Q: 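Below is one structure. I have some questions about it.
Both ligands and their constituent atoms are indexed starting at 1 by order of listing. These values consider heavy atoms only, across backbone and side chains, with no hydrogens, waters or symmetry-generated copies. All figures in this text were calculated on a predicted structure; none of them were measured in a lab.
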Amino acid sequence: MQIDEKITLEEVSTENWRDIIALDVKSEQAQYVASSSFYLLLCHYDQIWHPKAIVKNQEVIGVIMWAIDPDDESGWIGGFLIDQKWQKKGYGKLALLEMLSFLKHEQQRKHVALSVQPQNPAIHLYESIGFTKTDEWEGDEIVMRFSMD
Ligand SMILES: CC(C)(COP(=O)(O)OP(=O)(O)OC[C@H]1O[C@@H](n2cnc3c(N)ncnc32)[C@H](O)[C@@H]1OP(=O)(O)O)[C@@H](O)C(=O)NCCC(=O)NCCS
């Protein structure tokens, strides 16, 4: 696994939005996520989620969104994908760790949640970081939660 290259999370801008909407996942993964274009529009018009470009060596390789739950103030992660040509190299894990650090240090969150379809192999990635399944559901997705140290 190549994990020596740095990953940064960058604001979406006039410079990178075209690279974000060009991101694509494998055909068998399309059932688990919406398109990156949908996520950018959701963030823009609903103003609940906030997008970040996942960047490696100045190249956009993925997208990830964050939000704050107004009910319990936990941070949420959603709309997360790594372009198919950059998958399985450790970058998804690095991007998640960067997002957890952002939520902890820049958003002062102690608790983070996400939802995922139970059959999505991404669950293994979330569990390897320390997310645990709960008995909560968001539609057909199970809610997983993580507490910062
Ligand atoms: C989920 C996703 C972002 C992971 O990105 P990635 O860069 O391939 O993940 P990584 O290479 O960092 O993998 C990290 C770990 O998860 C495991 N993993 C990642 N994808 C996996 C898969 N499809 N099946 C099984 N394990 C997987 C890796 O083996 C690795 O484990 P390790 O650290 O023990 O070696 C990517 O597969 C993706 O974009 N999937 C489609 C969209 C999606 O489902 N998003 C999540 C919605 S909740």
Side-chain angles (χ1 to χ4, degrees), residues 1-12 16-46 48-69 71-72 74-105 107 109 111-149:
M1 181 183 281
Q2 297 170 271
I3 55 167
D4 52 329
E5 291 174 271
K6 191 168 157 44
I7 288 290
T8 53
L9 301 183
E10 300 186 4
E11 294 302 318
V12 177
N16 64 21
W17 71 268
R18 288 176 179 81
D19 297 327
I20 295 172
I21 67 167
L23 297 168
D24 208 1
V25 296
K26 297 174 185 168
S27 55
E28 67 270 22
Q29 297 172 332
Q31 60 185 309
Y32 303 132
V33 278
S35 68
S36 51
S37 309
F38 173 86
Y39 290 134
L40 289 193
L41 289 165
L42 180 76
C43 291
H44 183 76
Y45 287 106
D46 276 3
I48 294 169
W49 289 95
H50 309 276
K52 283 193 179 275
I54 301 170
V55 176
K56 181 187 82 71
N57 289 344
Q58 300 183 331
E59 182 170 354
V60 175
I61 65 163
V63 67
I64 189 166
M65 311 187 303
W66 65 275
I68 306 295
D69 186 334
D71 292 336
D72 66 2
S74 57
W76 274 75
I77 295 173
F80 172 44
L81 62 90
I82 297 284
D83 185 84
Q84 55 183 329
K85 81 169 186 275
W86 293 106
Q87 289 183 15
K88 298 253 181 198
K89 298 174 189 294
Y91 300 131
K93 191 170 203 165
L94 288 178
L96 272 178
L97 293 173
E98 281 295 316
M99 177 53 79
L100 289 174
S101 176
F102 167 81
L103 289 170
K104 180 177 182 178
H105 298 294
Q107 298 296 322
R109 296 303 114 185
H111 304 286
V112 180
L114 55 79
S115 69
V116 55
Q117 291 186 26
Q119 69 275 24
N120 188 341
I123 282 185
H124 302 302
L125 169 57
Y126 302 141
E127 285 177 331
S128 78
I129 285 176
F131 280 87
T132 53
K133 290 177 188 165
T134 68
D135 57 6
E136 304 160 66
W137 290 80
E138 287 283 327
D140 63 350
E141 298 194 337
I142 189 165
V143 175
M144 301 184 77
R145 291 189 179 272
F146 177 88
S147 289
M148 308 282 191
D149 290 332

Q: Are Lys52 and Glu98 close enough for a salt bridge, meaning some N to O gap below 4.0 Å?
A: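 No.
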Q: Which atoms of ligand 1 have any heavy atom of Ala122 under 4.0 Å away?
A: 1 (C)
Q: Report, in ascending order of atom number, the atoms of ligand 1 lying under 4.0 Å from any heavy atom of Lys89.
A: 11 (O)
Q: Just verifying a value: how many Å separate Trp49 CH2 and Ile77 CD1, rounded to the nearest 0.5 Å?
A: 8.5 Å
Q: Can you check whether Ile82 has an N/O within less than 3.5 Å of an N/O in ligand 1?
A: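 Looking only at distances, the answer is yes, because the N/O contact criterion of under 3.5 Å is met.
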Q: Can a non-hydrogen atom of Gly78 be found less than 4.0 Å from any atom of ligand 1?
A: no
Q: Can you confirm whether more than 12 heavy atoms, excluding those of Gln58, are under 6.0 Å from its CD atom?
A: no
Q: Using a strict cut-off of 4.0 Å, indicate which atoms of ligand 1 neighbour a heavy atom of Tyr91.
A: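 Ligand 1 atoms under the 4.0 Å threshold to Tyr91: 7 (O), 12 (O).
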Q: Any side-chain donor paired with an acceptor under 3.5 Å for Gln29 and Gln87?
A: yes
Q: Considering only heavy atoms of Leu81, which atoms of ligand 1 have at least one such atom less than 4.0 Å away?
A: 39 (O)
Q: Of all residues at least two apart in sequence or in a different chain, which pass the side chain to side chain contact (heavy atoms under 4.5 Å, CB included) check with Asn57?
A: Glu5
Q: Would you mind listing which atoms of ligand 1 come within a distance below 4.0 Å of any non-hydrogen atom of Val116?
A: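 Result: 48 (S).
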Q: Below 4.0 angstrom from a heavy atom of Gln29, which ligand 1 atoms are there? Numbered from 1 as shown, please.
A: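 In order of numbering, the contacting atoms are 37 (O), 40 (N), 41 (C).
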Q: Less than 4.0 Å is my threshold; does some heavy atom of Gly90 fall inside it relative to ligand 1?
A: yes
Q: Relative to the heavy atoms of Val33, which atoms of ligand 1 are at a distance of less than 4.0 Å?
A: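 That gives atoms 42 (C), 43 (C), 45 (N), 47 (C) of ligand 1.
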Q: To the nearest 0.5 angstrom, please state how far the CG atom of Asp72 sits from the NE2 atom of His111.
A: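 Output value for this atom pair is 8.5 Å.
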Q: Nearest 0.5 Å please: distance from the OG atom of Ser74 over to the CD1 atom of Ile68.
A: 8.0 Å
Q: Hey, looking at atom 6 (P) of ligand 1, which of Gln117, Glu141, Lys88 has the closest heavy atom?
A: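 Looking at heavy atoms only, Lys88 sits closest to atom 6 (P) of ligand 1.
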Q: Could you tell me whether Ser115 approaches ligand 1 through its side chain, its backbone, both or neither, with non-hydrogen atoms closer than 4.0 Å?
A: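 For Ser115, only backbone atoms sit under 4.0 Å from ligand 1.
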Q: Is there a polar contact between ligand 1 and Asn120, counting only N or O atoms under 3.5 Å apart?
A: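 Checking ligand 1 against Asn120, an N or O pair does fall under 3.5 Å apart.
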Q: Atom OG of Ser36 and atom CG of Asp24: how far apart are they, to the nearest 0.5 Å?
A: 7.5 Å
Q: My understanding is that only one of Phe131, Trp76, Tyr126 makes a ring-ring contact (aromatic ring centres under 6.0 Å, His included) with Phe146; could you say which?
A: Phe131
Q: Report, in ascending order of atom number, the atoms of ligand 1 lying under 4.0 Å from any heavy atom of Gly92.
A: 5 (O), 6 (P), 7 (O), 9 (O), 12 (O)
Q: Specify the closest pair of heavy atoms between Gln119 and Tyr32, including all atoms of both residues, with the distance to one decimal.
A: O-OH, 3.4 Å
Q: Heavy atoms only: which of Trp86, Tyr126, Phe80 is nearest to atom 3 (C) of ligand 1?
A: Phe80
